[in-house]
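First comes the structure, then the notes that go with it.
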Amino acid sequence: MAFFFSTRGGGPVDLETVLQSGTAPDGGLYVPERLPNCGREALRACETPAELAQFMLTPFFEGSRLADALPEICAYAFARPLPFAELAPGPNGARLRLLELFHGPTAAFKDYGARFLAACLERILAEEPASAPPLTILVATSGDTGAAVASAFSGRERIRVVVLFPKGRISPRQEHHLGCWEDNVQAIAVRGGFDDCQRLVKQAFASAEPGLKPAGRGRLGSANSINLGRLLPQSAYHAWAALKAGEGSHFAVPTGNLGNGLACLWAREMGAGIGRILLAANANRAIPDYLASGEYQGRESVGTLANAMDVGDPGNMERLRHYFGGDVERVRSAVSAASVDDGRIRRRIRREHSDSGVALCPHTAAGVDACRESLAEAGAPGGDWIIAATAHPAKFETVVEPLIGQAVAPPPQLQELLARPSRHEEIPPDMAALARHLP
Ligand SMILES: *Cc1c(COP(=O)(O)O)cnc(C)c1O
């Protein structure tokens, strides 16, 4: 039986509890009791990303009611291709490749974790009596990320999704992508900023009983990115890429809340043969500053071109520090980090396009820039680098197109979404207005 503990000491709890929780009751985040060492040869024997995910995640599902369904869940979450794209070589002959994580239904890497979690939760709910009230998943989004959750839960039995977004502060395409789903997904424009959306979500959770257990006033659930059900599957694509790209490949990971970066570290710990890990932040510098000074200080977030990474106080820092017993020296030997400001993001998008014809989204551009910068610094190893390409550039067309001087065609899955009708409600930024849309 696999067990999980809170970073603040609570637990043990089982997998079902972890998947149904946001934070642990003691305020910490759930982590596995231990990470299995999967063995390089066994990992290498896996023939598809889905098979690899199933093999790596089996120890975490041991003894759970979902264990038998894991192959099916992985096949569903890892159905899309995971191609590499070649960039111009680095200074010391380093080979640079993008790992394209954006072939899912909303063209961002968050599709992997969201689909995996949705498939798990639907199966947990299916075992409840038919009279149990539906679960309402409530999320706030600053634009890009809510679509992955909306898509993953669209049309599922017994689950509703309410997505809050700041009215007029997201692009028309992003707005369209939040409202174009089945009837169980409701998009709501809040007359206010992203902070208002987040405040409303917090208030809703404070006033209702969270979790899947039936509560008097309906059930609210979260599917936010600190849920382990989103994090664990992300380790599988890093491992897959490392096994495909060659022993000891280094990774640069565009980093906001540190979910993807932590998943990469866990993949290495599980035996995937990953070399260095470079966390590429935007102008939100909490992680690079922590590695430089040894003191961790969460901040207010600042707005950047890579807005899905605008996180001032990354939630998964708590998991990272916990993993290394709070010892910054050990963290430093495990990962490095860099901050890339908007000027560098712009130059990088222009430069890579003229050098190799590849259009980058602003987040991916931060990863590529941090990678090239670290290669240019004395002492950085050459060798193979893989940069996680976290979103398709067509999702950030207003940034990317003027820089490269041409249009970026949306991939087929986004075109299909844009062709669907889209609808949303609008509310003032107060709890009474939101409450009318909640159970
Ligand atoms: C969420 C997101 C990131 C940051 O990932 P974290 O797991 O929060 O560090 C980077 N790029 C894109 C496109 C994202 O949507």
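Being a predicted model, the structure only gives us computed values, none of them experimental.
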Dump the intermediate steps for side chain to side chain contact (heavy atoms under 4.5 Å, CB included) on Leu29 and Thr23, then the final yes or no. CA-CA 5 Å; Leu29 301 180; Thr23 47; 3.7 Å; yes
Applying side chain to side chain contact (heavy atoms under 4.5 Å, CB included), run through Trp240 and Phe78 and close with a yes or a no. CA-CA 11 Å; Trp240 176 258; Phe78 286 85; over 6 Å; no
Hey, does the side chain of [X] reach the backbone of [Y] with a donor-acceptor pair shorter than 3.5 angstrom?
X	Y	value
Arg285	Ser339	no
Arg158	Ala126	no
Asp369	Ile345	no
His176	Leu417	yes
Gln20	Gly221	no
Asp430	Ala433	yes
Gln54	Leu70	no
Lys110	Ser225	no
Asp26	Gly10	yes
Asn282	Ala306	yes

Do the non-hydrogen side-chain atoms of [X] and [Y] ever get within less than 4.5 Å of each other?
X	Y	answer
Val163	Ile188	no
Glu72	Tyr76	no
Arg123	Asp68	no
Trp385	Leu87	no
Asn257	Pro314	yes
Lys395	Leu414	yes
Leu35	Phe60	yes
Asn284	Val311	no

Can you name the residues that form a side-chain hydrogen bond (donor to acceptor under 3.5 Å, both in side chains) with [X], not counting sequence neighbours?
X	value
Arg34	none
Arg169	none
His322	none

Within this structure, what is the [atom1]-[atom2] distance for the pair [X] and [Y], rounded to the nearest 0.5 Å?
X	Y	atom1	atom2	value
Thr398	Leu305	OG1	CG	9.0 Å
Ser21	Glu16	OG	CD	11.0 Å
His353	Arg348	NE2	CZ	14.5 Å
Thr106	His392	OG1	NE2	12.0 Å
Leu258	Asp313	CG	CG	11.5 Å
Thr17	Asp14	OG1	CG	3.5 Å

What's the shortest heavy-atom distance between [X] and [Y], and which atoms?
X	Y	result
Leu117	Leu19	CD1-O, 3.8 Å
Pro59	Pro36	CG-CG, 3.7 Å
Leu138	Ala204	CD2-CB, 3.5 Å
Pro411	Ala394	CD-CB, 4.1 Å
Met309	Pro254	SD-CB, 3.7 Å
Glu352	Val368	OE2-CG1, 3.5 Å

Atom CD of residue position Gln415 - does it have more than 12 heavy atoms of other residues, nucleotides or ligands inside 6.0 Å?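 Buried by this count: over 12 neighbours within 6.0 Å.
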Evaluate whether atom CD of Glu127 has more than 12 neighbouring non-hydrogen atoms of other residues, nucleotides or ligands under 6.0 angstrom away.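 Buried by this count: over 12 neighbours within 6.0 Å.
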Got a salt bridge between [X] and [Y], using NZ or NE/NH1/NH2 to carboxylate O under 4.0 Å?
X	Y	value
Arg219	Glu128	yes
Arg344	Asp341	no
Arg420	Glu416	yes
Arg299	Asp289	yes

Exercise: do Asn316 and Arg319 side chains pair donor with acceptor under 3.5 Å: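 Yes, because at least one side-chain N or O of Asn316 sits under 3.5 Å from a partner of the opposite role on Arg319.
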Side chain to side chain contact (heavy atoms under 4.5 Å, CB included) assessment of Leu243 paired with Leu52: CA-CA 10 Å; Leu243 295 164; Leu52 181 73; 3.9 Å; yes
Test: ring-ring contact (aromatic ring centres under 6.0 Å, His included). Region: residues 138-168. Which pairs qualify, not counting sequence neighbours?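 Sorted pair list: Phe165-His424.
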Sequence neighbours left out, what passes salt bridge (charged side-chain N to carboxylate O under 4.0 Å, His left out) with Glu295? Give chain and number order.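 Glu295 satisfies salt bridge (charged side-chain N to carboxylate O under 4.0 Å, His left out) with no other residue.
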Working for side-chain hydrogen bond (donor to acceptor under 3.5 Å, both in side chains), residues Tyr112 and Asn260: CA-CA 11 Å; Tyr112 284 97; Asn260 216 14; over 6 Å; no
Please, which pairs that meet side-chain hydrogen bond (donor to acceptor under 3.5 Å, both in side chains) have at least one residue in residues 262-275, sequence neighbours excluded?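 Residue pairs passing side-chain hydrogen bond (donor to acceptor under 3.5 Å, both in side chains), neighbours aside: Glu269-Tyr323.
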Of Arg423, Arg160, Arg156, which meets salt bridge (charged side-chain N to carboxylate O under 4.0 Å, His left out) against Asp183?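 Exactly one candidate clears the test, Arg423.
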Please step through side chain to side chain contact (heavy atoms under 4.5 Å, CB included) for the pair Phe84 and Ile386, ending with a clear verdict. CA-CA 9 Å; Phe84 290 110; Ile386 295 165; 4.2 Å; yes
Parallel, tilted or perpendicular for Phe61 and Phe116, by the 30°/60° rule?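 Perpendicular.
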